[in-house]
Amino acid sequence: MIGDPDKKVANLYDMIHPNASDTLTVRSVFVIDPNDKVRLMITYPASTGRNFDEILRVIDSLQLTDGHKVATPVNWKPGDDVIIVPSLSNADAKKLFPGGWDEKKPYLRMVKQPK
């Protein structure tokens, strides 16, 4: 988190709507990984509070998917099943997920979340 009382960062990254009041706070969220890569950007209207549960869910998903060959489906929560990435062959998936998976479609293989 950063403080930006003079709005230098907010103006630099176009985080303030052009018709917004100068007194409104910036409601943009950026998740930046250790390699300085922006992984998520969310900008909320000034009238809407941020959803910290969603932000934490995204960070959990990013950490999980960075460490394993999986993706998280819509509405995923930590502990839910995940998707084996389509680029991983079944032969390679068997090595990583020896317990097997539920193949809904050839590109949609659901598996228990790795630990």
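What you see below is based on every heavy atom in this structure, not just the backbone, and it leaves out hydrogens, waters and symmetry mates.
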Q: Could you verify whether a donor N or O on one side chain and an acceptor N or O on the other, from N51 and R57, lie under 3.5 Å apart?
A: no

**Q.** Common cluster, V58/L56, ILVMFWY with side-chain heavy-atom separation under 4.5 Å
**A.** no

**Q.** Minimum heavy-atom distance between M41 and V38, given as atom pair plus value
**A.** CG-CG1, 3.6 Å

Q.
Quick check: is V111 connected to V85 through a chain of hydrophobic side chains (ILVMFWY, heavy atoms under 4.5 Å apart)?
A. yes

Q.
Quick check for you: to the nearest 0.5 Å, what is the distance between Q113 atom CD and L64 atom CG?
A. 5.0 Å

Q. Can you name the closest pair of heavy atoms from A71 and T65 and give their distance?
A. CA-CG2, 3.8 Å

Q. In Å, rounded to the nearest 0.5 Å, how long is the span from OG1 of T72 to CG of L62?
A. 8.0 Å

Q: Quick one: pull up CD1 in I84 and CG in L96 and give me the separation to the nearest 0.5 Å.
A: 8.5 Å

**Q.** More than 12 heavy atoms of other groups within 6.0 Å of D102 CG
**A.** yes

Q: Quick one: pull up OG in S28 and CG in D4 and give me the separation to the nearest 0.5 Å.
A: 10.5 Å

**Q.** Side chains of W76 and D81 in contact at under 4.5 Å (non-hydrogen atoms)
**A.** no

Q: Please examine the side chains of K77 and D60, heavy atoms only from C-beta on, and report whether any two atoms are closer than 4.5 Å.
A: no

Q.
If I take atom CE from residue M110 and atom NZ from residue K105, how far apart are they, to the nearest 0.5 angstrom?
A. 14.0 Å

Q) Is the shortest heavy-atom distance from the side chain of V9 to the side chain of F30 under 4.5 Å? A) no

Q. How many angstroms lie between atom NZ of K112 and atom CG of D80, to the nearest 0.5 angstrom?
A. 9.5 Å

Q.
When you measure from the side chain of T48 to the backbone of Y44, do you find a donor-acceptor pair of N or O atoms at a distance under 3.5 Å?
A. no

Q.
I'd like to know if I83 and F97 are part of one continuous hydrophobic network [Ile/Leu/Val/Met/Phe/Trp/Tyr, side-chain heavy atoms within less than 4.5 Å].
A. no

**Q.** Minimum side-chain heavy-atom gap P86-L108 below 4.5 Å
**A.** no

**Q.** Cationic N near anionic O, under 4.0 Å, K95 to D92
**A.** yes

Q: Measure across L88 and R109 and return the closest heavy-atom pair with its distance rounded to 0.1 Å.
A: O-NH2, 2.6 Å

(Q) A quick test of your reading: do over 12 heavy atoms of other residues, nucleotides or ligands sit less than 6.0 Å from OH of Y107? (A) no

Q. Does the side chain of R39 reach to within under 4.5 Å of the side chain of I59, using non-hydrogen atoms?
A. no

